[in-house]
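It should be emphasised that the depicted structure is a prediction, and the values quoted were computed from it without experimental measurement. Residue numbering restarts at 1 for every chain, and letters A, B, ... go by the order of the sequence lines.
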Number of protein chains: 2
Amino acid sequence: MPQTGHTLAPHRCRDCAKAKHCLADELIGQPSIPPIPIQNTILPKGRYIYHQGDGVKNLFFVKSGSVKIAYNNEQGDQQIINFYFPGDLIGLAVLNHGQHSASAVTLEKSVICAFPIGFIRTHCEKLPNLLSDILKRCDAEIKHRHETLLSSHQCIASKRLGDFLLELIVRLGLSRKQPVLLHLPMSRADMANYLGLAPETVSRVLSKYQKHGLILAKKQNIQINDLEQLTAFVRQAV
Amino acid sequence: MPQTGHTLAPHRCRDCAKAKHCLADELIGQPSIPPIPIQNTILPKGRYIYHQGDGVKNLFFVKSGSVKIAYNNEQGDQQIINFYFPGDLIGLAVLNHGQHSASAVTLEKSVICAFPIGFIRTHCEKLPNLLSDILKRCDAEIKHRHETLLSSHQCIASKRLGDFLLELIVRLGLSRKQPVLLHLPMSRADMANYLGLAPETVSRVLSKYQKHGLILAKKQNIQINDLEQLTAFVRQAV
DNA sequence: CGCCCCCTTGAGGAGCTTCAAGAAGGGTGG
DNA sequence: CCACCCTTCTTGAAGCTCCTCAAGGGGGCG
């Protein structure tokens with residue numbers, strides 16, 4: 001991790017309130033495993049966790065805040081690959097790789113935990129749950145990328161965006177008690193880039209939803225009034 | 001590998017004419033490494049090498065022919081992820097994974113070589129070149145997926161298709177002496193699905209290229225008359 | 001020889017983008 | 001604390017790309 005953030009005091013996983021939702025769950029109370037040399041860092045908005053091309057040294061656990069992963073090609077065009085939220089692990093599908101295929105940037109003030117890859121490699125055989133958890137997350141990640149590609153090739157804008165909102169509700173573990181209050185840490189431009197749309201189109205679709213009473217969109221905050229109807233619309237749409 | 005193909009006689013890498021372009025290159029003449037239990041199979045057109053959801057047991061090397069990788073969602077929609085040609089390795093980015101995230105199907109009569117993953121895991125530390133070759137291929141694969149996603153979100157049909165043709169020329173190692181003769185083993189529908197277009201659009205773009213004298217399209221066979229102009233067009237297009 | 005599938009071509013229209021202008025919100029400096 | 005600015009978001013109008021629907025052509029295989 002670059003020296004751009006504020007590094008907190010050295011960290012013991014057994015003291016971490018989030019350990020249950022983290023890789024480290026299994027590591028707690030394993031006397032045979034040495035303490036993990038965790039870097040626990042608090043980063044402001046817009047800070048790079050790593051840059052595309054950097055060597056892969058850590059897996060990163062999002063404790064709070066949110067992160068976008070962005071790929072840049074030689075012409076300077078950007079493609080946002082995915083967004084990450086508390087409980088997510090960043091850097092998967094790169095466990096074998098020499099360098100990061102894209103950059104990771106915080107979308108808001110975030111606390112990020114760094115796990116040295118070397119440690120995971122060394123101890124994964126003693127910790128079968130650790131490995132199987134990583135594999136499960138990898139599988140989900142790859143499936144997600146296939147799904148989004150399929151969706152961006154075959155579905156209209158309002159379905160893609162609706163799917164995105166519904167997915168966020170699930171991933172953020174929001175209560176389904178209505179109205180659902182959804183905070184979007186990314187800009188309209190980021191959402192649009194991720195979904196393969198123009199920012200104006202994202203605005204228009206949200207306005208359309210609002211006109212039908214499904215949601216109430218106030219910049220970064222979306223209040224979802226009718227989850228069933230939104231779900232029904234998304235299911236039925238192409 | 002399913003029992004749907006014709007399994008050739010047990011195979012020794014040192015006898016394989018393609019070994020130089022294969023994982024096995026380094027394995028030849030290593031007395032400390034036991035012989036690889038290679039399955040060498042000849043498959044007709046349209047045969048599955050593996051199905052989505054199957055357990056991952058092998059990496060597959062394409063010795064001849066071609067293969068498409070296709071993801072199917074629960075609704076039965078399909079997304080073609082990539083195409084593979086002689087010299088390519090299938091099953092990368094899954095070295096860590098329990099099951100295949102998509103299906104692999106031959107596009108024509110093909111000879112496919114199966115490397116047991118377990119063997120690779122066991123011996124990769126004794127064979128640094130083997131591992132670094134795999135990592136290099138993985139990196140290229142991930143970068144390729146980012147590029148295609150970016151392209152399908154930002155570029156018009158004729159650029160996407162032109163890029164695809166130019167990429168195939170490079171990947172197939174075709175001589176750049178004009179006219180370049182390019183054989184497309186996949187159907188128009190497969191190309192369209194991969195590029196996120198309608199089959200009719202693929203036809204129309206090829207016709208447009210032909211009208212401008214850049215290519216001569218005869219079903220599966222494309223004769224590229226003016227590689228420079230095609231490249232120039234693709235570079236300049238959005 | 002005939003069937004079938006794939007490819008091609010045309011016409012029409014839907015959906016999204018682009019361009020442009022205005023509104024709203026957050027941050028900064030006086 | 002207020003005024004200003006700048007960025008981001010919204011909304012409108014026009015235009016273009018691509019899709020859908022439909023019909024015709026060609027090659028391969030039985």
Side-chain angles (χ1 to χ4, degrees), chain A residues 44-46 68 77-78 80 107-109 150-162 164-165 182-212 215-223 233-234 236-238, chain B residues 44-46 68 77 80 107-109 150-165 182-212 215-223 233-234 236-238:
Chain A
K45 174 177 174 174
K68 70 175 173 185
D77 305 311
Q78 183 168 89
I80 293 179
L107 293 168
E108 58 194 317
K109 184 177 160 186
L150 180 61
S151 171
S152 84
H153 282 172
Q154 301 198 350
C155 302
I156 61 172
S158 56
K159 171 164 170 55
R160 270 186 273 170
L161 182 50
F164 178 66
L165 295 179
L182 177 61
H183 176 74
L184 300 173
M186 71 293 288
S187 67
R188 296 283 187 270
D190 280 345
M191 289 169 61
N193 180 295
Y194 171 71
L195 295 168
L197 299 170
E200 293 95 329
T201 304
V202 171
S203 255
R204 270 186 258 272
V205 170
L206 290 176
S207 298
K208 193 185 77 177
Y209 283 153
Q210 182 157 333
K211 214 169 285 170
H212 288 75
I215 69 170
L216 206 122
K218 280 197 175 176
K219 307 280 172 189
Q220 311 264 63
N221 293 299
I222 311 282
Q223 173 182 318
F233 171 80
V234 163
Q236 150 267 324
V238 182
Chain B
K45 175 178 176 173
K68 69 174 173 186
D77 305 311
I80 294 178
L107 293 167
E108 59 194 317
K109 183 176 160 186
L150 180 61
S151 170
S152 86
H153 282 173
Q154 301 198 350
C155 302
I156 62 172
S158 55
K159 171 164 168 56
R160 271 187 273 170
L161 182 50
D163 272 332
F164 178 66
L165 295 180
L182 177 60
H183 176 74
L184 300 173
M186 72 293 287
S187 67
R188 296 284 188 269
D190 280 345
M191 287 170 63
N193 179 294
Y194 171 72
L195 295 168
L197 299 170
E200 294 94 329
T201 304
V202 172
S203 256
R204 270 185 259 272
V205 171
L206 289 176
S207 298
K208 192 185 79 178
Y209 283 154
Q210 181 158 336
K211 213 170 285 169
H212 288 75
I215 69 170
L216 206 120
K218 281 198 174 174
K219 307 280 173 187
Q220 311 266 65
N221 294 298
I222 310 284
Q223 173 182 320
F233 171 80
V234 163
Q236 151 267 324
V238 183

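Nearer the 5' end of DNA chain C, as judged by each residue's closest nucleotide, is the contact made by B:M186, out of B:M186 and B:V238. Looking at which nucleotide of DNA chain D each of A:V202 and A:H153 is closest to, the 5′-most match is held by A:V202. Mapping A:L197 and B:A217 onto DNA chain C by nearest heavy atom places B:A217 closer to the 5' end of the strand.
Rounded to an integer number of Å, the gap from CG of B:N221 to C1' of D:dG27 is 13 Å. Summarising the geometry, the separation between CG on A:L161 and P on C:dC16 is reported as 11 Å, rounded to the nearest angstrom. Atom NZ in B:K208 sits roughly 17 Å away from atom C1' in C:dG10 (whole-Å rounding). Rounded to an integer number of Å, the gap from A:Q154 CD to C:dA14 C1' is 18 Å. When rounded to the nearest whole Å, the span between NZ of A:K45 and P of D:dT7 equals 13 Å. If you measure from atom CG of B:L184 to atom P of C:dC6, you get 16 Å, rounded to the nearest angstrom. Straight-line distance from the CD atom of A:Q210 to the C1' atom of D:dT11: 13 Å, rounded to whole Å. Here D:dC18 presents its C1' atom at 14 Å from CG of B:L195, a figure rounded to the nearest Å.
Aromatic ring pairs are classed by plane angle as parallel below 30°, tilted from 30° to 60° and perpendicular above 60°; the pair A:Y209 and A:F233 is perpendicular.
Around atom NZ of B:K45, no more than 12 heavy atoms belonging to other residues, nucleotides or ligands sit under 6.0 Å away. Counting non-hydrogen atoms of other residues, nucleotides and ligands closer than 6.0 Å to NE2 of B:H183 gives a total above 12.
Within the 4.0 angstrom heavy-atom criterion, no nucleotide atom of any strand lies near B:L206.
When distances are taken from the side chain of B:R188 to each of C:dC16, C:dC7, D:dT10, the shortest belongs to C:dC7. Taking only side-chain atoms of A:E200, from C-beta outward, the nucleotide of C:dC19, C:dT17, C:dT9 with the closest atom is C:dC19. Closest to the side chain of B:T201, from the set D:dT10, D:dC19, D:dC18, is D:dC19. The side chain of B:Q220 approaches C:dC7 more closely than any other nucleotide in the set C:dC7, D:dT8, D:dT20. Which of D:dC9, D:dT17, D:dC19 sits closest to the side chain of B:I156 comes down to D:dT17.
Between the side chain of B:R204 and the base of C:dG10, at least one donor-acceptor pair of N or O atoms lies under 3.5 Å.
Atom OG in B:S207 sits 12.0 Å away from atom CD in B:E200 (nearest 0.5 Å).
Judged by distance alone, with hydrogens and angles left aside, the side-chain atoms of B:R188 form no donor-acceptor pair with the main-chain N or O of B:A198 at under 3.5 Å.
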